[in-house]
Amino acid sequence: MSAAAHNLNPAQQAAVTHGDGPLLIIAGAGTGKTRTLVHRVAHLIERGVAPQRILLLTFTRRAAQEMLRRVESLTGSRGARVHGGTFHATAHRLLRSYGAQAGLAPAFTILDQGDAIDLVGISRAELGFGQRKSRFPRKETLHHVYSRHVNTEIAVGDILRDEFPQFEEHAADINRVFADYTARKERRNLVDYDDLLLFWAAMLDAPGDLGTRIAALYDHVLVDEYQDTNLLQARILRGLCRSHRNITVVGDDAQSIYSFRGATVRNILDFPEQFAGATRVTLEQNYRSTQPILDVSNALIEHARQRYRKRLFTTRGGGEPPALVAARDEHEQTLFVVDRILEMHEQGTPLREMAVLFRAGYMSADLEIELTNRKIPFEKWGGLKFLEAAHVKDVLAFLRILENPRDDVSWYRVLHLLPGVGDVTARAAVALLAERSWDPRAFAVFTPPRAARAAHAALVALLDRLGAPGASGPRGVSEEIALLRTMYDAILRDRYDRAEPRLADLDQLEAIAGQFPTRAAFLSELALDPPSGTQDLAGAADTESDALILSTAHSAKGREWDAVFVIWAVDGWFPSARALRSDDDTDEERRLMYVALTRARNALFIVHPLDAYGARGGSGYAINQLSRFLDERVRAYTQRMVAVPDVSPGAAATAVSSEPIDLRALLRGRFGGN
DNA sequence: TTTTGAAGTCTCTCC
DNA sequence: GACTTCAAAA
């Protein structure tokens with residue numbers, strides 16, 4: 001089938017049928033970027049490129065799955081052989097196959113960000129920093145600097161000078177912490193996210209034939225969301241494509257929102273220089289949104305400093321202007337959103353076709369409570385991750401000890417769970433284990449303080465049972481979880497409040513563990529591709545079910561919905577006060593708002609509470625003003641609304657009205673009298 | 001000496 | 001609301 005037969009517009013067609021050599025596709029929001037990329041892959045296959053020699057790199061697994069599914073529907077089973085995934089997942093796969101040839105011990109475990117921060121914290125404590133008078137960076141800050149250094153190749157000293165001048169004097173000690181952290185990872189056979197990319201890049205650049213062999217695995221490389229790649233990723237791509245230069249990148253500089261992770265918009269701006277002779281195609285026709293929604297979005301992004309000029313247009317007629325809704329407080333905002341959603345649902349819009357977007361995960365708390373009370377199903381993307389929940393990390397720590405007994409981070413975590421065991425006892429136990437070559441059974445020999453004796457005995461017994469084969473040969477992962485929960489559930493009830501939902505999380509964890517052949521596969525998968533939240537896990541079995549989507553603006557990228565609500569459009573919230581340290585940061589926040597607005601197809605509501613509770617502890621930005629991005633020029637394209645709750649008994653419906661109401665008047669005079 | 005409970009300090013985005 | 005810090009209790 002020819003590309004034209006698929007109703008592609010001329011620009012899309014040019015991109016799809018581009019022959020060999022570097023190709024840069026600048027694609028505005030909703031311009032059929034995914035469609036173009038998918039058709040290009042299909043076109044390559046039709047042209048005779050072997051599917052397994054095509055690599056499709058995406059930003060999230062959700063995007064990867066979606067694209068591979070669509071490739072398959074275009075090309076049939078051949079498409080299933082295309083390699084696709086995130087940079088990190090692809091790096092992981094290559095390291096498992098080729099890492100040993102580059103000196104990486106096999107059977108390494110992957111540290112997720114939380115683990116990595118904990119490990120940095122251990123290095124920090126071991127070296128004795130942090131107990132001093134003069135302020136030393138927190139473990140989170142240290143990890144941030146470390147990660148930035150690896151991903152951007154900027155010297156540690158320069159990062160400190162630019163971002164944390166207050167810690168510049170500690171540069172030498174900070175480097176010592178990093179050296180210790182690096183050594184610790186190596187001793188424990190651990191690999192963090194940054195290592196995945198770094199090692200991949202290093203293998204490609206390695207002298208000898210290793211790099212050549214890895215580069216020779218693929219004939220064509222296609223990259224989605226190129227504006228969100230960093231220097232290290234660009235280096236990997238140069239290495240991968242050095243012989244054939246068959247690289248296609250798709251991106252939108254107006255949607256670059258990951259600089260906090262080291263992404264640089266320079267990658268996309270400099271692509272023509274990096275890959276000389278690159279062809280450039282720009283997609284500007286938007287197929288997603290109504291013109292009024294595009295008008296607001298265009299006005300918003302107009303004043304961002306960006307290189308590739310483009311102005312989205314659509315041939316879709318009609319559509320209401322987006323609504324700018326003032327709510328009295330957070331709860332009124334919630335009621336407005338919920339009532340509107342129910343209204344549209346009544347009129348036939350499935351819940352799954354509507355989304356509520358916000359700057360940060362915690363901002364949906366009130367909304368989640370209301371949805372739960374009203375029994376409206378929802379799925380939350382982004383924000384606090386399933387894996388970051390303390391009780392899930394606890395259970396995984398047990399599994400990690402079994403998988404890699406040298407993992408002292410997990411040992412500390414498990415030991416701390418025992419009543420009567422604090423820092424000192426845990427340290428002593430780990431020291432003993434280290435002495436006995438990390439044999440888990442050596443733990444039985446450890447003499448705990450009196451208060452911890454019973455707990456110690458229980459853990460010894462548990463590890464013993466876990467170490468022994470089950471009744472039917474080696475245990476499955478879910479069987480292991482069930483077994484360790486015989487001990488852990490009681491600890492959970494004791495240590496955490498709201499035990500029930502947490503236990504339900506563990507039920508889910510146990511269930512998905514059953515899908516993995518080995519413990520190692522389960523742990524790697526969780527680190528690289530964590531479920532986005534408990535709801536996500538619960539809904540894994542029935543993705544068909546209808547549920548409203550709640551998402552951070554970041555996690556919403558690449559998606560679209562019939563109706564979109566952007567809540568907390570308040571200065572200090574969106575843009576986030578924390579992210580306003582420089583003009584560049586402000587620009588990124590603006591692009592993030594742009595991403596949020598351009599997710600909407602037909603209806604867009606921007607809601608801002610006038611009174612945010614307590615004005616964030618009374619410090620700083622106390623006045624709740626409308627987001628600075630929604631200035632007059634943007635507001636000119638919106639219609640103003642006021643959310644007013646209906647106070648009649650039994651109804652919580654929200655009416656749209658510009659009339660103020662007087663609550664006291666409802667009762668005034670009702671009982672006669674003066 | 002070690003643990004643990006309470007008061008106090010922040011609080012983002014993600015592979 | 002989770003994590004850190006500090007002081008009391010065992």
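Not measured: the values here are computed from a predicted model. Lettering follows sequence order; numbering is per chain, from 1.
- Within the nucleic acid shown, Phe59(A) comes within 4.0 Å of sugar-phosphate atoms alone, with no base atom in reach, counting heavy atoms only.
- Using a 4.0 Å heavy-atom criterion, one finds that Glu588(A) contacts no nucleic acid atom at all.
- Closest approach of Ala397(A) to Arg413(A), counting heavy atoms only: CB-CD, 3.9 Å.
- Of the candidates dC12(B), dC14(B), dC15(B), the closest approach to any side-chain atom of Tyr193(A) belongs to dC15(B).
- Applying the 4.0 Å criterion to OP1 and OP2 of dT13(B), one finds that Ser555(A) has every side-chain N and O outside that range.
- Out of dC12(B), dC14(B), dT2(B), the shortest distance to the side chain of Val424(A) is found at dT2(B).
- In this structure, CZ of Arg359(A) is placed 5 Å from C1' of dT13(B), rounded to the nearest angstrom.
- Residue ring and base: Tyr258(A) does not count as stacked with dT13(B) (centre distance below 5.5 Å and interplanar angle below 30° not both satisfied).
- Residues forming a salt bridge (Lys or Arg N to Asp or Glu O under 4.0 Å) with Glu560(A) (at least two apart in sequence, or on another chain): Arg288(A), Arg601(A).
- Using cut-offs of 30° and 60° for the angle between ring planes, the Trp381(A) and Trp561(A) rings count as tilted.
- The side chain of Thr552(A) places an N or O atom within less than 4.0 Å of a non-bridging phosphate oxygen (OP1 or OP2) of dC14(B).
- In this entry the distance linking CH2 of Trp200(A) with P of dC15(B) reads 16 Å, nearest Å.
- Remark: C1' of dC3(C) and CD of Glu140(A) are 8 Å apart, rounded to the nearest angstrom.
- The NZ atom of Lys393(A) sits 13 Å away from the P atom of dA2(C) (whole-angstrom rounding).
- Nucleic acid contact class of Pro419(A) (heavy atoms, under 4.0 Å, all strands): sugar-phosphate only.
- Closest to the Thr425(A) side chain, of the nucleotides dC15(B), dC12(B), dT2(B), is dT2(B).
- Comparing His554(A) and Asp423(A), the nucleotide of DNA chain B nearest to each residue sits closer to the 5' end for Asp423(A).
- Residue Lys139(A) is in sugar-phosphate contact alone, with no base atom involved, counting any heavy-atom pair closer than 4.0 Å across all strands shown.
- To the nearest angstrom, P of dT4(B) lies 10 Å from NE2 of His416(A).
- Looking at heavy-atom distances under 4.0 Å, Asp194(A) makes no contact with the nucleic acid at all.
- For Gln255(A) and dT13(B), the CD to P distance is 20 Å, given to the nearest whole Å.
- Atom NE2 of His144(A) is separated from atom C1' of dC15(B) by 16 Å (rounded to the nearest Å).
- Under the 30°/60° scheme for interplanar angles, the aromatic rings of Phe167(A) and His170(A) are found to be tilted.
- Taking atom CG on Leu418(A) and atom C1' on dT2(B), their separation rounds to 15 Å, with Å as the unit.
- Every residue meeting the salt bridge (Lys or Arg N to Asp or Glu O under 4.0 Å) condition with Arg493(A), not counting sequence neighbours, appears here in chain and number order: Glu500(A).
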